[in-house]
Amino acid sequence: MFIVSVSIFALLSFSLPRPVTSSVAYCSNQDYESGALGISPYQTYNAALYSPVQINYALPPDDCPSNNQVSGYFFFSPLGAGVEMPGGVIMNPNGTLVYSAEALNFKGESLLRGTVSYQGEDCLAFWVSDGLIVSEGYGSGYNVLVNSSYDVVLNITTSNLTVGADVHELLITSNNTAVMPAYVAETGDLSSFGGPQDGYLVNGIVQEVDIATGEAIFTWKSLDHVDPSECYAPIGILYTGNGTVDDPWDYFHLNSIQKNDDGTYLISSRHCSTLYLVDPAGDIIWRMGGKNSSFTMNEGSGFSWQHHARMHGSGVISVLDDGASQWEADIPYSRGLLLHYDETSMMVSLSSERAPFNRTTSTSQGDVQMLSNGNSIVGWGEMPYYSEHDADGDIVWSAQFAASNEITAYRVFLQSWVGRPSIPPSMSIANSSSGGNVTVYAWWNGATEVTSWQLFGSTLESPLKTTTLTTVSKTDFETVLTYTGSEYAYYQVVAMNGNGQTLDFSNFTGLDGTTFGKADNQTVSAPAL
Ligand SMILES: *[C@@H]1O[C@H](CO)[C@@H](O)[C@H](O)[C@H]1NC(C)=O
Ligand SMILES: *[C@@H]1O[C@H](CO)[C@@H](O)[C@H](O)[C@H]1NC(C)=O
Ligand SMILES: *[C@@H]1O[C@H](CO)[C@@H](O)[C@H](O)[C@H]1NC(C)=O
Ligand SMILES: *[C@@H]1O[C@H](CO)[C@@H](O)[C@H](O)[C@H]1NC(C)=O
Ligand SMILES: *[C@@H]1O[C@H](CO)[C@@H](O)[C@H](O)[C@H]1NC(C)=O
Ligand SMILES: *[C@@H]1O[C@H](CO)[C@@H](O)[C@H](O)[C@H]1NC(C)=O
Ligand SMILES: *[C@@H]1O[C@H](CO)[C@@H](O)[C@H](O)[C@H]1NC(C)=O
Ligand SMILES: *[C@@H]1O[C@H](CO)[C@@H](O)[C@H](O)[C@H]1NC(C)=O
Ligand SMILES: *[C@@H]1O[C@H](CO)[C@@H](O)[C@H](O)[C@H]1NC(C)=O
Ligand SMILES: *[C@@H]1O[C@H](CO)[C@@H](O)[C@H](O)[C@H]1NC(C)=O
Ligand SMILES: *[C@@H]1O[C@H](CO)[C@@H](O)[C@H](O)[C@H]1NC(C)=O
Ligand SMILES: *[C@@H]1O[C@H](CO)[C@@H](O)[C@H](O)[C@H]1NC(C)=O
């Protein structure tokens with residue numbers, strides 16, 4: 001289940017989100033948790049026009065808010081009614097903003113998937129809706145990759161289907177292919193399932209496309225392999241569709257795909273509560289879970305309405321057992337599972353279980369990310385939380401990014417990233433500035449290497465001849481630089497890295513509002529990425 005609809009941008013009138021000035025994460029903030037700060041508290045800055053979610057550590061790490069044992073950034077997309085700035089963000093573990101995808105100005109709803117490796121480079125992956133499908137549960141659109149400069153380097157979708165790539169998954173393989181799902185409505189007799197005889201149902205499609213040519217090299221259609229009788233989602237209940245042309249029955253609901261090096265595909269169907277291993281010819285090798293499991297599911301290893309299934313070498317699978325849908329709850333709380341499976345004895349057993357803070361069920365979405373040290377990050381999907389778990393699955397900390405399950409993040413990932421935007425840094429002079437009392441705000445959306453900012457001044461006579469006025473450490477998305485001294489006509493900010501090298505220069509801005517570009521002799525001294 002993924003919520004895609006125009007209504008998600010509508011503001012709920014009964015519970016307005018409350019802005020806070022930019023802030024590191026809160027630690028067990030009772031007003032946040034109770035909803036007294038609104039369902040979606042958000043950060044604001046003096047001049048930078050971004051309003052990302054404010055984080056609250058509901059279960060704080062020992063060093064809250066720093067959370068220094070985590071290395072990397074959190075990638076997610078808060079969406080839902082009431083989010084001030086919906087869409088992709090990259091956040092520091094201490095809750096300060098690194099990047100807002102607002103800047104990319106995509107035409108259509110979008111979702112930040114996290115990073116992928118493409119042609120040997122780390123890229124950010126986005127899904128962007130093309131508006132062809134307006135459904136509460138799936139979509140049609142494009143997968144867009146941007147490189148470390150935040151420039152678009154790939155824009156790819158399905159080939160020769162009636163709709164584009166669905167939002168649920170994107171894989172870029174080592175063979176320079178893209179693997180994507182698609183939700184294609186087909187006609188069908190649904191009378192034996194309680195629907196219309198001349199009805200419509202959704203085919204769950206997995207397509208692998210050669211990136212160089214854009215042509216499909218593999219297309220798997222659920223209806224060719226999985227009969228609707230194998231599945232659990234009834235026609236016409238909440239988001240499943242009533243089987244009409246306007247609302248086809250989503251009998252399968254494909255929500256994750258993995259392509260393995262041996263050419264097999266692991267496909268997760270939420271509505272059949274089953275994982276399918278499919279061979280390169282498209283035939284099902286085995287089913288795990290559901291009505292017709294090829295495996296015996298030992299104590300505690302069963303799952304339902306699951307998300308984000310991933311194989312890890314031989315015999316190990318991680319999956320988020322939502323254990324509940326919008327119309328049914330099978331277990332008291334959702335669980336991030338690490339499972340062991342044996343293809344000889346055909347048995348699945350539970351290795352470890354991750355429980356959410358407050359033991360809630362997530363009726364849709366979510367993910368389990370296994371880290372290299374055995375710990376894991378769980379994104380709780382429909383519940384606006386993510387948490388870290390130790391190797392036994394025990395919870396270490398839990399962060400929340402909203403105070404209502406109206407607000408969700410499809411998946412949350414902890415990943416490394418180096419960003420140096422091709423667009424130069426931004427600056428703004430405070431309106432209170434006058435004469436030799438100047439306050440300047442500096443920010444550079446997506447730049448990960450900046451540790452300090454310098455403020456330069458120049459005169460009317462020599463606008464490109466700069467004097468260094470002050471240097472300030474960067475500790476948040478926006479940095480405030482104040483200067484008191486003799487008067488300058490123009491100001492400029494310079495982003496510096498930890499080695500004291502120049503990353504880039506902003507334009508010059510005058511107290512009178514004039515702007516002009518950096519001087520030709522202002523050169524970047526940091527080595528290229
Ligand atoms: C956790 O649950 C308790 C009891 O239901 C509630 O009082 C508290 O607000 C919840 N905390 C959060 C962060 O949701
Ligand atoms: C990112 O892509 C743009 C557009 O192709 C290119 O100009 C730029 O050099 C790339 N950046 C890096 C760091 O490779
Ligand atoms: C991706 O390609 C589609 C089709 O050409 C286009 O409509 C869309 O604007 C592109 N998106 C980006 C971000 O380039
Ligand atoms: C496109 O799809 C149609 C209908 O399914 C099929 O007849 C045709 O061969 C396909 N073309 C390509 C290039 O795959
Ligand atoms: C089926 O659902 C669509 C979309 O929600 C609605 O417009 C239509 O009236 C429904 N049809 C029936 C027969 O319930
Ligand atoms: C890459 O291509 C080779 C040769 O066709 C194939 O054996 C392998 O399974 C493919 N790997 C992936 C991840 O697609
Ligand atoms: C159950 O799975 C087996 C393979 O494990 C398959 O041959 C059979 O068709 C399936 N039965 C149903 C009713 O889907
Ligand atoms: C300065 O004032 C203008 C007009 O009132 C306002 O739009 C702008 O946001 C202010 N800028 C800052 C940095 O406060
Ligand atoms: C700068 O500000 C200080 C204190 O706010 C004030 O005393 C001083 O007169 C100001 N200087 C100028 C040049 O405006
Ligand atoms: C850079 O160029 C400007 C004029 O183009 C000049 O005034 C300035 O002195 C130069 N700076 C340096 C460090 O050479
Ligand atoms: C937040 O974390 C980032 C990354 O570790 C760090 O650069 C920044 O100084 C921290 N900010 C505060 C206010 O602690
Ligand atoms: C910076 O200055 C250049 C050259 O005048 C101009 O093209 C560009 O739009 C300016 N950028 C910003 C962010 O003002």
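As the structure lists them, so they are numbered: ligands from 1, and atoms in each ligand from 1. Scope of the values below: all heavy atoms of this structure, side chains included, with no hydrogens, waters or symmetry mates. Index from 1, following the sequence.
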For [atom], what is the nearest protein heavy atom, given as residue, atom name and distance?
atom: atom 7 (O) of ligand 10; answer: Lys465 CB, 3.4 Å
atom: atom 4 (C) of ligand 2; answer: Asp151 CB, 3.9 Å
atom: atom 13 (C) of ligand 7; answer: Asn292 ND2, 4.3 Å
atom: atom 9 (O) of ligand 2; answer: Ser149 OG, 4.7 Å
atom: atom 5 (O) of ligand 2; answer: Val153 CG1, 4.3 Å
atom: atom 14 (O) of ligand 2; answer: Asn147 ND2, 3.8 Å

Within 6.0 angstrom of Lys291 NZ, more than 12 heavy atoms from elsewhere |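 Yes, enclosed.
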
Can you name the one residue among Trp444, Phe477, Tyr45 that meets ring pair (Phe, Tyr, Trp, His ring centres under 6.0 Å) with Tyr50?
->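 Only match with Tyr50 under ring pair (Phe, Tyr, Trp, His ring centres under 6.0 Å): Phe477.
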
For Glu230, counting its heavy atoms only, list the atoms of ligand 7 lying under 4.0 Å from any of them.
->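 So the atoms of ligand 7 that pass are 14 (O).
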
Under 6.0 Å between the ring centres of Trp327 and Trp305?
->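 Here the rings of Trp305 and Trp327 have centres that are less than 6.0 Å from each other.
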
Ring centres of Phe252 and Tyr276 under 6.0 Å apart?
->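 Yes, close enough.
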
Could you tell me whether Lys291 approaches ligand 7 through its side chain, its backbone, both or neither, with non-hydrogen atoms closer than 4.0 Å?
->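 No part of Lys291 is near ligand 7 at this cut-off.
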
Return yes if some donor-acceptor pair links the side-chain N/O of Arg310 with the main-chain N/O of Ile257 below 3.5 Å, else return no.
->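 Yes, Arg310 side chain to Ile257 backbone: donor-acceptor pair under 3.5 Å.
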
Looking only at distance, does Ser148 have an N or O less than 3.5 Å from an N or O of ligand 2?
->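 Between Ser148 and ligand 2 (N or O atoms, distance only) the closest approach is not under 3.5 Å.
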
Is atom 1 (C) of ligand 10 in close reach of the protein, with a heavy atom under 4.0 Å away?
->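 Flag for atom 1 (C) of ligand 10 set to true, protein heavy atom closer than 4.0 Å.
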
Pi-cation contact, Phe508 with Lys518 (under 6.0 Å, within 45°) =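 No, Lys518 does not sit over the ring of Phe508.
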
Short N-O contact, Glu169 and Arg411, less than 4.0 angstrom =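 Yes, Glu169 and Arg411 are salt-bridged.
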
Using 4.0 Å as the upper bound for N to carboxylate O, is an ion pair formed by Glu230 and Arg287?
->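 Yes, Arg287 and Glu230 are salt-bridged.
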
Which residue from Thr523, Asn521, Asp520 reaches closest to atom 10 (C) of ligand 10 through any of its heavy atoms?
->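 It is Asn521 that holds the nearest heavy atom.
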
